[in-house]
There are 4 protein chains.
Amino acid sequence: MSLNSFGRVFRFTTWGESHGPALGVVIDGCPPGILLHAQDIQAALDKRKPGGSKFVTQRKEPDAVKILSGIFEDDRSNGPRTTGTPISLMIENVDQRSKDYADIRDKYRPGHADFTYDAKYGFRDYRGGGRSSARETAARVAAGVVAEKALAFVLGADISIRACLVQMGPHKIDRARFDWAEIENNPFWCPDAEAAKLWEEKLDAARKAGSSMGAVIEVVASGVPAGLGAPVYGKLDADLAGAMMSINAAKAVEIGAGIEAAALSGEENADEIRMRNGAPHFLSNKAGGILGGISTGQDIVARFAVKPTSSILTPRKTINAQGEETEILTKGRHDPCVGIRGVPVGAAMMALVLADHAMLHRAQCG
Amino acid sequence: MSLNSFGRVFRFTTWGESHGPALGVVIDGCPPGILLHAQDIQAALDKRKPGGSKFVTQRKEPDAVKILSGIFEDDRSNGPRTTGTPISLMIENVDQRSKDYADIRDKYRPGHADFTYDAKYGFRDYRGGGRSSARETAARVAAGVVAEKALAFVLGADISIRACLVQMGPHKIDRARFDWAEIENNPFWCPDAEAAKLWEEKLDAARKAGSSMGAVIEVVASGVPAGLGAPVYGKLDADLAGAMMSINAAKAVEIGAGIEAAALSGEENADEIRMRNGAPHFLSNKAGGILGGISTGQDIVARFAVKPTSSILTPRKTINAQGEETEILTKGRHDPCVGIRGVPVGAAMMALVLADHAMLHRAQCG
Amino acid sequence: MSLNSFGRVFRFTTWGESHGPALGVVIDGCPPGILLHAQDIQAALDKRKPGGSKFVTQRKEPDAVKILSGIFEDDRSNGPRTTGTPISLMIENVDQRSKDYADIRDKYRPGHADFTYDAKYGFRDYRGGGRSSARETAARVAAGVVAEKALAFVLGADISIRACLVQMGPHKIDRARFDWAEIENNPFWCPDAEAAKLWEEKLDAARKAGSSMGAVIEVVASGVPAGLGAPVYGKLDADLAGAMMSINAAKAVEIGAGIEAAALSGEENADEIRMRNGAPHFLSNKAGGILGGISTGQDIVARFAVKPTSSILTPRKTINAQGEETEILTKGRHDPCVGIRGVPVGAAMMALVLADHAMLHRAQCG
Amino acid sequence: MSLNSFGRVFRFTTWGESHGPALGVVIDGCPPGILLHAQDIQAALDKRKPGGSKFVTQRKEPDAVKILSGIFEDDRSNGPRTTGTPISLMIENVDQRSKDYADIRDKYRPGHADFTYDAKYGFRDYRGGGRSSARETAARVAAGVVAEKALAFVLGADISIRACLVQMGPHKIDRARFDWAEIENNPFWCPDAEAAKLWEEKLDAARKAGSSMGAVIEVVASGVPAGLGAPVYGKLDADLAGAMMSINAAKAVEIGAGIEAAALSGEENADEIRMRNGAPHFLSNKAGGILGGISTGQDIVARFAVKPTSSILTPRKTINAQGEETEILTKGRHDPCVGIRGVPVGAAMMALVLADHAMLHRAQCG
């Protein structure tokens, strides 16, 4: 069943609820001998963690990660290294405020999983969304760091995986101004400095109005060699689609030209090929670096759209567990745009899918 | 690894190349006691099969299915019924013309998997795209018939799964004219009679110009109860995204409002809930029938975009296996819009994902 | 790959090394709504834990379990109940004495996995056997408690799963004296009071001589209905064989008559069937309660043989990591007969396999 | 669920009933570029096939295999080679005599799966045991040929996998006379020429008396390097145990010293290590070539015991589907000792497990 696991040979399983004592991830199948310091994982978690700006939830979580197994260090190992056994990572929850959630015990918040959990399980941990909380993504980000190291180790090359926000609400970036260097300069991971200014204004207004905004995240992996993936159900793009759609609030996934591909003609869409520096070079990348489910050696480009946060300060019509009509207004500490925190999560999922496929490829093709 | 399998408990594995002797599928985990006639599968294959109009490939394949295992009939069984053991379905290939493909033995067709297969496997069956041929989807459609029966059997209810083309090239249907009854009246599965006329004209022009067009397919499942799915990696929408993106030429997948959700405000997006006839009723369906990865009881709505056929009669720049620059023009019999044949495939994948989740739900929640 | 996971729908993953900070297990797929108190798990761990008598390792581990996720309790839940999300259990390691193991850093202990770990991974956590330590079985016992509850919940019936030692070294019990009530009266889980006395004498002598003894464990599940399992690779007995052989030091697994079945005639072996109290009743149980991979409704009987502990106080010929011949004598705290601690582990594995098959059966057959 | 699949990365799925039109296997994950002629598979099937002597069933099946996918040959490929896509193998059933089985439609044969199938599925194909027929093992033998080639290809070395019968009924071979060259000289795959003579006499007597005999099969893999396997649930021996126990009629599995290990002392059991020709050399092989779940580089030795054929010409007490007590005498064509035909099946399962682990090792450790 493995409903909480992902990956085939580089495989991880996450556990934990928003308001339980901790959350974590177990990674199975990681190659042995890889240097892995807790601080590398911590650095990634610090980038993702809540409380960083007024545009993300004000919950204060240190998100301190502990490595509980799977690494070993002695005076000859030159640092802590993976042993090839399961890597267990744990992050304790510190700032739970259960009282905030008493109101949603019986009322189903529109756009949330409250109703569906009850329909499925007949019983739920309603505090902070339980298992559906965005806190689960901390485990993905932690696992993503290990995946990125494993990917470089297996391929013998550094792969660059970057992610950014390319749209907030209806406001898209201007591709002509796209600059990866900008994403650290604003609280949105926005590669377009001017768009970032507009977004700040728009999101602040939405936040003050008790509303929220959606977003589109783009993830790009550079340096991935041709040959990762498989033709049918194990397609690299099919796995990326499943991975991205599994992120909280995701409603769409695109590869390369994505939904725009439908409007192109065959000549516009199929990327022509030339040789450059003795290697195949594609004259465009409508394919997003994947043909027939297998990487082409070009940048792998995936995007996913996330809906606006459903927890808003505006009263909404709903029903309660007793089947009575009522209203709800979601208090508590929430992200006005969950897409922002989705950026490192998207990058982590790309790393996890690629690490898995790099190992699968080695298994089958040496 | 299971790169050619899909599903967790209702699980199928497809096999076969475009120009091999046959193709097929093995379905494992089907409940016992379900009536299954070969002609039911045949009827679905007949709808999908090539050669139906000038808008699909002129390859003539009878696509006659044989059930090789997993059913049993005697004088007391009241028809052939599934036994709970693997159901093996085979379709023989009849109309292969291998000579048509001699040209692509060394030249990589832009937009095709020729280059990536060689990069991965170092060796390939280049006839008709081998494993990446759209012929593989016949196996999916056949399995989808079994899935639809299993789904109804497990849920004790008829679930309606329908699919249509909602966009061809840049031309979208008019939602105001949407009528399911129309899809049988035109060669495009188009629910808008007027759009169908326009598409006919446009696709004919593209075909004559040696070009091709992309499309968007919409798949809707009605009657699915609330509670199917799971919160994190086993999300119903994540599985649908992987399923749809695994279809040939797919470049994007959407659930409900899809990519448009990014542009909505929190109030616009979250579907409000009321009671109607004693049951929860959502006032809109931006969620596409899925919240937190679990079905809400509303229509489940998924869409996927397919790129325009890459096999076109216009010469394109490419390289050959020896790393020399050259040109290619893809002769042979091809679909000017592969999206048309993707319609029944999308419906089949929806049935396969739902059957799997219906059984998973029964496993865990009774 | 899932090399550290077991089960299909009731699936668990263990992690942790002998001398790491902790070990644990994540259980995925457990049904929701089951009462689960930490003290129930603790009670099972206390029975298994080291330090209980002079016949098991003197390492003092409290083996205190924490439930980190997957349960929820409020004023209406009538106790902590499973939510259907992953159950994460953690046991901290307290009494590691790493200095004891400095000697085995380079020398390969005969009968241990030291050499094979280095051959596979090129790097290992040599402290206490790392991942191959019997401490890993604490995680299995903890998961087994959850499995036993899930099994009863899914089947709607109490299933009794019991295990005992039926042979120590060459000394078998007398079947005529078999009494389940005796197993709590001696430190060996021996159902034959007289055999227990002999074993005490023999094992004490072996321990004082710096030697060790093997054992055979029998596990019996009563009350399991007919119909769990599957015909070919998902056979109930095949899964039990894999489960039992995965226990540390196991070298053989038997079902029912086991290896003795080879010496029987067809008439002696095939269990005849009569009706008793309106239900099928087998006149013998050579089959061990399984026919064609599916349970018959009789007691399910499995046995596994464990080799004598390889850590002994007698010097043994070996080599070191540099390929030089040398000798080793394994100091440290060890079990003179690991089979004793294998008894609750065998029972846990039976529960885990049955819970998985009970849920699989429900998925496919309702 | 995958109840009819086996393996993780070299994964196969079998399908087919005794009296259906055909049976087969789909192999997924095979490396590309391996020479694979249908006649290689045919040669192995011919060794296994029924009708070879009076000691096996008189059913006449040509067992002609067809390769339906996954290989490709052209004028440059130097023979048919695997492409890395699924390999589908089919064997048609020819000599079904359904009328022979009319009697067992309602009566449950003792020792057979008739009763358990009805208990599980409520419906069954009763002809020839349906899915539980030994005919399913033809698919395993066919897959085993591919596995053996993949194993040699992945390891870059020829691995010798041999199997023989070491016990028939209560009659064991004399290990002092063990000679692999003898196994082709008698109808039992017996490595002891004298034992073979005795067995012929005993089995002929059993056959004439309407009885049957059990057997023990030994499978030995030579040349496997150290390092294949994994520490806990993915143990090489655990996978072998599951594989061997999945063979029809198997009731016990042993690795190395097997059940005898329980009676040894620690000194007797743990294999000491020396250097020989610059490589580690074990002074004995009680471990059967596996320590901590990982191969040691010694011969891998597994044994499995099969019960005597349950289909005998002696009347037995049983019940029918209506719950009435009755008797049954199994006519039809049966093996007096199914263990004989189990010999190539055991070798095939060893090859399948090793191919899987060789690829898994490559995935994780390069």
Side-chain angles (χ1 to χ4, degrees), chain B residues 1-5 7-17 19-29 31-33 66-74 76-77 81-90 92 98 105 117 120-127 130-132 356 359-360 363, chain D residues 1-5 7-17 19-29 31-33 66-74 76-77 81-88 90 92-93 98 105 117 120-127 130-132 356 359-360 363:
Chain B
M1 199 134 88
S2 302
L3 296 172
N4 292 279
S5 300
R8 293 174 171 87
V9 293
F10 187 95
R11 185 168 174 82
F12 67 99
T13 303
T14 70
W15 55 267
E17 276 81 31
H19 282 57
L23 59 90
V25 60
V26 182
I27 300 160
D28 197 2
K66 284 184 195 163
I67 304 180
L68 297 176
S69 68
I71 59 164
F72 180 62
E73 176 172 20
D74 72 1
R76 297 188 298 195
S77 66
R81 289 182 185 273
T82 59
T83 58
T85 62
I87 299 168
S88 177
L89 307 177
M90 184 172 70
E92 286 177 73
S98 293
R105 171 176 172 151
Y117 269 57
K120 181 174 195 71
Y121 301 116
F123 178 64
R124 78 181 202 278
D125 179 349
Y126 43 78
R127 300 167 304 164
R131 181 75 180 135
S132 286
D356 191 35
M359 291 175 69
L360 279 168
Chain D
M1 199 132 89
S2 300
L3 296 172
N4 292 278
S5 301
R8 291 175 172 88
V9 292
F10 186 95
R11 185 167 174 83
F12 67 100
T13 304
T14 71
W15 54 268
E17 278 80 32
H19 283 56
L23 58 91
V25 60
V26 181
I27 300 160
D28 196 2
K66 283 184 195 163
I67 305 181
L68 297 176
S69 68
I71 59 166
F72 179 62
E73 177 173 20
D74 71 3
R76 297 187 300 195
S77 68
R81 289 183 186 274
T82 59
T83 58
T85 61
I87 300 168
S88 177
M90 183 174 68
E92 285 176 74
N93 287 323
S98 293
R105 172 176 170 150
Y117 269 57
K120 182 174 194 68
Y121 302 115
F123 178 65
R124 79 184 202 276
D125 178 351
Y126 44 78
R127 301 165 304 162
R131 181 77 181 133
S132 285
D356 191 37
M359 291 176 68
L360 279 168

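Chain A is the first sequence line, chain B the second, and so forth, proteins listed ahead of strands; every chain is numbered from 1.
No side-chain heavy atom of Arg131(B) sits less than 4.5 Å from a side-chain heavy atom of Ser69(D). Between Lys120(B) and Pro32(D) the shortest side-chain heavy-atom distance does not fall below 4.5 Å.
Considering OG1 of Thr13(D) and CZ of Arg11(B), their distance stands at 7.5 Å, rounded to 0.5 Å. Distance CE/Met90(D) to CG/Leu68(B): 6.5 Å, rounded to 0.5 Å.
Ranking Gly33(B), Gly70(B), Ala22(B) against chain D, the residue ahead of the rest is Gly70(B), based on heavy-atom pairs under 4.5 Å. Highest contact tally toward chain B, considering only Thr14(D), Thr85(D), Ile67(D), is held by Thr85(D) [criterion: heavy-atom pairs under 4.5 Å]. Each of Glu73(B), Arg81(B), Lys66(B) has some count of heavy-atom pairs under 4.5 Å with chain D, and the biggest count is that of Arg81(B).
Of the atoms belonging to Arg124(D), it is backbone heavy atoms, and not side-chain ones, that fall under 4.5 Å from chain B. Heavy atoms closer than 4.5 Å to chain D are found nowhere in Asp356(B), neither backbone nor side chain.
Listed by chain and number, the residues in a side-chain contact (heavy atoms from CB on, under 4.5 Å) with Thr82(B) are Cys30(B), Ile34(B), Leu36(B), Ile71(B), Ile87(B) (sequence neighbours excluded). Under the rule for a salt bridge (Lys or Arg N to Asp or Glu O under 4.0 Å), the partners of Asp125(D) that lie at least two apart in sequence or sit in another chain are Arg127(D).
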Check against side chain to side chain contact (heavy atoms under 4.5 Å, CB included), Thr83(B) and Tyr121(D): CA-CA 7 Å; Thr83(B) 58; Tyr121(D) 302 115; over 6 Å; no
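Heavy-atom minimum distance, Ser77(D) versus Phe123(B): CB-CE1, 3.8 Å. Contact detail for Asp28(D) and Ser2(B): the closest heavy-atom pair is OD2-C, 3.5 Å.
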